[in-house]
Amino acid sequence: MKPGNLLKVGLFLSVSGLIVGCAASPDYSGNTDSRWADFKSWTKITEGRTSTGDPTGLVSGVHKGREGYRDVYVNDIGLAVNQGTAPYNYPVGSVIVKEQFDDLEAFKAQKPTDLTIMVKLKNSDTPDAKNWGWSAGYDSKLEEVNAFCSGCHSVATKTDFVFTNEDFLKKFH
Ligand code: HEC
């Protein structure tokens with residue numbers, strides 16, 4: 001390729017990267033569900049324990065895949081259980097938010113692409129997918145049934161459908 005064309009391609013890639021980057025960054029200031037509107041003030045359980053790669057072998061096509069970076073926030077209601085030991089049984093009102101970054105660069109720049117959210121809807125002695133609601137974005141509605149999300153999270157049935165807890169972080173990050 002001629003140097004001129006190379007420059008054009010480079011320019012195109014950086015401009016489209018900018019557009020995609022800007023369009024993709026979520027805006028956490030809008031009106032949203034009060035259950036997770038202020039998640040940024042919660043405990044970031046991945047603080048200092050960078051979550052990336054694919055320790056479970058499950059995220060290849062979701063949650064930004066192996067190259068993705070993830071930060072997980074838990075509200076005060078769910079925190080003690082999340083930071084405790086098994087059996088993990090989250091109380092109703094627990095909310096877990098995962099902020100997703102496309103890659104290391106986006107993570108370093110703190111430019112997330114989107115969120116996924118889990119809300120515990122009822123107390124139960126036994127783990128059940130139906131106890132959780134699921135949302136795929138800051139401004140998205142909570143769905144009480146989402147077979148896509150709960151189907152895969154059922155791999156973590158023993159830990160109440162939540163992968164990222166203290167044991168998981170100690171083991172993998
Ligand atoms: C194909 C499997 C799969 C699907 C589908 C999936 N997840 Fe996950 N999810 C995972 C795995 C694995 C993790 C832990 C990732 C890690 O850090 O290694 C995770 C982590 C999370 C977390 C952080 C808490 C935790 O369990 O670690 C939230 C919140 C979450 N997912 C929500 C969702 C929502 C909402 C959907 C549907 C829109 C969804 N997930 C779909 C596999 C999946």
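Predicted model only: the values in this text are computed from it and were never measured. Both counts, for ligands and for their atoms, begin at 1 and track the order of listing.
- Partners of Lys122 according to the salt bridge (Lys or Arg N to Asp or Glu O under 4.0 Å) rule, which considers only residues two or more places apart in sequence or in another chain, do not exist here.
- Scored by the side chain to side chain donor-acceptor pair (under 3.5 Å) test, Arg35 finds Asp33 as partners (sequence neighbours excluded).
- With Asp71 as the partner, the salt bridge (Lys or Arg N to Asp or Glu O under 4.0 Å) test is satisfied by one option alone out of Lys98, Lys64, Lys44: Lys44.
- Thr164 OG1, 2.5 Å is the protein heavy atom nearest to atom 27 (O) of ligand 1.
- Atoms of ligand 1 lying under 4.0 Å from at least one heavy atom of Thr56, given by number and element, are 12 (C).
- Formation of a donor-acceptor pair under 3.5 Å by the Gln83 side chain with backbone atoms of Ala80 is not found in this model.
- Side-chain contact between Phe163 and Pro55 is absent, with no heavy-atom pair separated by less than 4.5 Å.
- Close contacts of ligand 1 with Ile117, meaning ligand atoms under 4.0 Å from a residue heavy atom, involve 35 (C).
- Counting heavy atoms under 4.0 Å from ligand 1, residue Phe148 touches it through both backbone and side chain.
- Contact annotation: the side chain of Phe168 approaches that of Thr56 to within less than 4.5 Å [non-hydrogen atoms, C-beta and beyond].
- Taking the six-membered ring for Trp and the full ring otherwise, Tyr69 and Phe101 have centroids separated by 6.0 Å or more.
- You'll find the ring centres of Trp132 and His153 outside the 6.0 Å limit.
- A heavy-atom separation below 4.0 Å is not found between Phe172 and ligand 1.
- Side-chain contact check for Val95 versus Ile77: every heavy-atom pair is 4.5 Å or farther apart.
- Within the sub-2.8 Å shell of atom 8 (Fe) of ligand 1, the protein contributes these N/O/S atoms: His63 NE2, His153 NE2.
- At least one side-chain heavy atom of Val162 sits under 4.5 Å from a side-chain heavy atom of Ile96.
- Considering only residues two or more places apart in sequence or on other chains, Asp54 meets the salt bridge (Lys or Arg N to Asp or Glu O under 4.0 Å) condition with Arg66.
- Among Asp71, Ile96, Leu142, Leu115, the residue whose heavy atom lies nearest to atom 24 (C) of ligand 1 is Ile96.
- Aromatic ring pairs are classed by plane angle as parallel below 30°, tilted from 30° to 60° and perpendicular above 60°; the pair Phe39 and Tyr73 is perpendicular.
- Scanning the protein for heavy atoms near atom 35 (C) of ligand 1, the closest one is Ser135 O, 3.3 Å.
- Residue Leu58 has at least one heavy-atom neighbour below 4.0 Å for each of these atoms of ligand 1: 1 (C), 2 (C), 12 (C).
- Between Trp134 and ligand 1, no N or O atom pair is found at a separation short of 3.5 Å.
- Of the protein's non-hydrogen atoms, Arg70 NE, 3.5 Å is the one closest to atom 16 (C) of ligand 1.
- Contacts between Pro55 and ligand 1 below 4.0 angstrom, taking non-hydrogen atoms only, involve the side chain exclusively.
- Atoms of ligand 1 found under 4.0 Å from any heavy atom of Ser51, numbered from 1 in the order shown, are 17 (O).
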